[in-house]
Asks: 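Below are the structure tokens for one structure; questions will follow.
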Amino acid sequence: QVQLVESGGGLVQTGGSLRLSCQASARTFNLYHAGWFRQDPGKEREFVAVINWDDSNTYYADPVKGRFTISRDRARNTMYLQMSSLKPEDTAVYYCAASRAYDVVYQPKDYEYWGQGTQVTVSS
């Protein structure tokens, strides 16, 4: 079992930056693909970014490409999402997740472990 805890959310103005963190409770986190998702009230949870199990590849949703960067610190069992040039449409609850799948996956249903979420609000 892996427990995930997000932090770093908050209120920021358009064009600003935030860095989200996802602290894992176990080293096995470093064996999994790890991703970020976000969800607005009344909408489905959507994929944001993923880093594969050995950190050799990263993938991003089109709306965040060039603005967000996903990374992992294996020594700290921690994953990050650096968000820059934030827009009001980035406002959502952001969740980190981990998947034991063989290949990188992009659907929430394919992730076994989830954090509780952290709110990001971008004011216009």
Side-chain angles (χ1 to χ4, degrees):
Q1 284 286 340
V2 176
Q3 294 181 328
L4 304 175
V5 178
E6 303 97 336
S7 61
L11 174 64
V12 64
Q13 291 185 334
T14 296
S17 299
L18 280 175
R19 188 178 79 157
L20 305 183
S21 299
C22 175
Q23 176 69 56
S25 62
R27 281 191 174 278
T28 50
F29 174 72
N30 292 333
L31 300 176
Y32 302 152
H33 308 308
W36 289 95
F37 292 78
R38 64 187 183 186
Q39 188 170 22
D40 256 346
K43 295 184 179 180
E44 293 189 353
R45 194 166 296 188
E46 65 175 8
F47 166 75
V48 174
V50 61
I51 186 166
N52 74 332
W53 73 274
D54 67 355
D55 300 344
S56 60
N57 286 294
T58 58
Y59 304 91
Y60 299 91
D62 286 343
V64 307
K65 279 181 182 176
R67 300 189 297 121
F68 290 11
T69 302
I70 189 171
S71 62
R72 176 165 25 196
D73 183 336
R74 291 181 171 276
R76 290 183 167 83
N77 301 330
T78 302
M79 177 176 64
Y80 302 99
L81 185 67
Q82 178 67 48
M83 306 186 294
S84 302
S85 302
L86 283 162
K87 305 175 182 179
E89 50 263 45
D90 295 318
T91 295
V93 176
Y94 283 71
Y95 298 89
C96 68
S99 172
R100 298 177 297 176
Y102 182 79
D103 293 319
V104 169
V105 287
Y106 306 93
Q107 299 297 322
K109 66 179 179 62
D110 295 317
Y111 285 74
E112 292 85 2
Y113 306 108
W114 289 88
Q116 82 289 349
T118 186
Q119 177 71 46
V120 171
T121 303
V122 184
S123 63
S124 56

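Source: prediction; values computed, not measured.
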Asks: Looking only at heavy atoms, what is the nearest atom pair of Leu11 and Ser123, with distance?
Replies: CD1-CB, 4.3 Å
Asks: Report the relative orientation of the aromatic rings in Tyr94 and Phe68; use parallel for angles under 30°, tilted for 30 to 60°, perpendicular for over 60°.
Replies: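 Tilted, since the angle between the ring planes falls between 30° and 60°.
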Asks: Can you name the nearest heavy-atom pair linking Val5 to Gln116, along with the distance?
Replies: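 That would be CA-OE1, 3.7 Å.
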Asks: Sort and list the pairs that fulfil disulfide bond (SG atoms under 2.5 Å apart) and have at least one residue in residues 33-85, not counting sequence neighbours.
Replies: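 For residues 33-85: none.
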Asks: Are the side chain of Asn52 and the backbone of Asn57 linked by a donor-acceptor contact shorter than 3.5 Å?
Replies: yes
Asks: Any side-chain heavy atom of Leu20 within less than 4.5 Å of one from Glu6?
Replies: no
Asks: Does any non-hydrogen side-chain atom of Val50 lie less than 4.5 Å from one of Tyr111?
Replies: yes
Asks: Considering non-hydrogen atoms only, spot the tightest contact between Ala24 and Leu4 and give its length.
Replies: CB-CD2, 3.7 Å
Asks: Just by distance, do the side chain of His33 and the backbone of Ala101 share a donor-acceptor pair under 3.5 Å?
Replies: yes
Asks: Taking the side chain as every heavy atom from C-beta outward, state whether Val122 and Lys87 have any pair of such atoms under 4.5 Å apart.
Replies: no
Asks: Before giving the answer on side chain to side chain contact (heavy atoms under 4.5 Å, CB included), spell out for Ser99 and Glu112 the whole-Å C-alpha distance, their side-chain angles and the decisive distance to 0.1 Å.
Replies: CA-CA 6 Å; Ser99 172; Glu112 292 85 2; 4.0 Å; yes
Asks: In terms of ring plane angle, is the pair Trp114 and Phe37 parallel, tilted or perpendicular, where the classes change at 30° and 60°?
Replies: tilted
Asks: Within this structure, what is the CD-CG distance for the pair Glu46 and Asp40, rounded to the nearest 0.5 Å?
Replies: 7.5 Å
Asks: Measure the NZ-CZ distance between Lys43 and Arg38 for me, rounded to the nearest 0.5 Å.
Replies: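 Rounded to the nearest 0.5 Å, the NZ-CZ separation comes to 9.0 Å.
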Asks: Donor-acceptor pair, distance only, cut-off 3.5 Å: does the side chain of Tyr60 make one with the backbone of Ile70?
Replies: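 Present.
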Asks: Would you please name every residue forming a side-chain contact (heavy atoms from CB on, under 4.5 Å) with Gln82, sequence neighbours left out?
Replies: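 Partners of Gln82 under the side-chain contact (heavy atoms from CB on, under 4.5 Å) test: Ser17, Arg19, Thr69, Ser84.
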Asks: Going from CD on Gln119 to OG1 on Thr91, what distance comes out if it is rounded to the nearest 0.5 angstrom?
Replies: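 Spacing of CD (Gln119) from OG1 (Thr91) equals 7.0 Å.
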Asks: Distance-only, no hydrogens or angles: does the Ser85 side chain make a donor-acceptor pair with backbone N or O of Gly15 under 3.5 Å?
Replies: no
Asks: What's the separation between atom CZ in Phe47 and atom CG in Asp110, rounded to the nearest 0.5 Å?
Replies: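 Interatomic distance, Phe47 CZ to Asp110 CG, rounded to 0.5 Å: 12.0 Å.
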Asks: Looking at Lys65 and Asp62, is there a salt bridge between them, counting it only when a charged N and a carboxylate O are closer than 4.0 Å?
Replies: yes
Asks: If you group Ile, Leu, Val, Met, Phe, Trp and Tyr by side-chain heavy-atom gaps below 4.5 Å, do Leu18 and Tyr95 land in one group?
Replies: no
Asks: Drop me the distance from Ser56's OG to Ile51's CD1, to the nearest 0.5 angstrom.
Replies: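 Those atoms lie 8.5 Å apart.
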Asks: Just verifying a value: how many Å separate Gln3 CD and Gln23 CD, rounded to the nearest 0.5 Å?
Replies: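 Result: 11.5 Å between the selected atoms.
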Asks: For residues Val48 and Val64, report the shortest heavy-atom separation together with the two atoms involved.
Replies: O-CG2, 3.6 Å
Asks: Report yes or no: do Tyr80 and Val120 belong to one cluster of Ile/Leu/Val/Met/Phe/Trp/Tyr joined by side chain heavy-atom distances under 4.5 Å?
Replies: no
Asks: Are the side chains of Arg67 and Asp90 in contact, using a 4.5 Å heavy-atom criterion?
Replies: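 Yes, close enough: below the 4.5 Å cut-off.
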Asks: Go through the structure and list residues passing side chain to side chain donor-acceptor pair (under 3.5 Å) with Asp73, not counting sequence neighbours.
Replies: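 Asp73 satisfies side chain to side chain donor-acceptor pair (under 3.5 Å) with Arg76 only.
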Asks: What are the two closest non-hydrogen atoms of Asn77 and Phe29, and how far apart are they?
Replies: O-CD2, 4.0 Å
Asks: Could you pull out the closest heavy-atom pair between Ser21 and Thr78, with the gap in Å?
Replies: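 Minimum heavy-atom separation between Ser21 and Thr78: CB-CG2, 4.4 Å.
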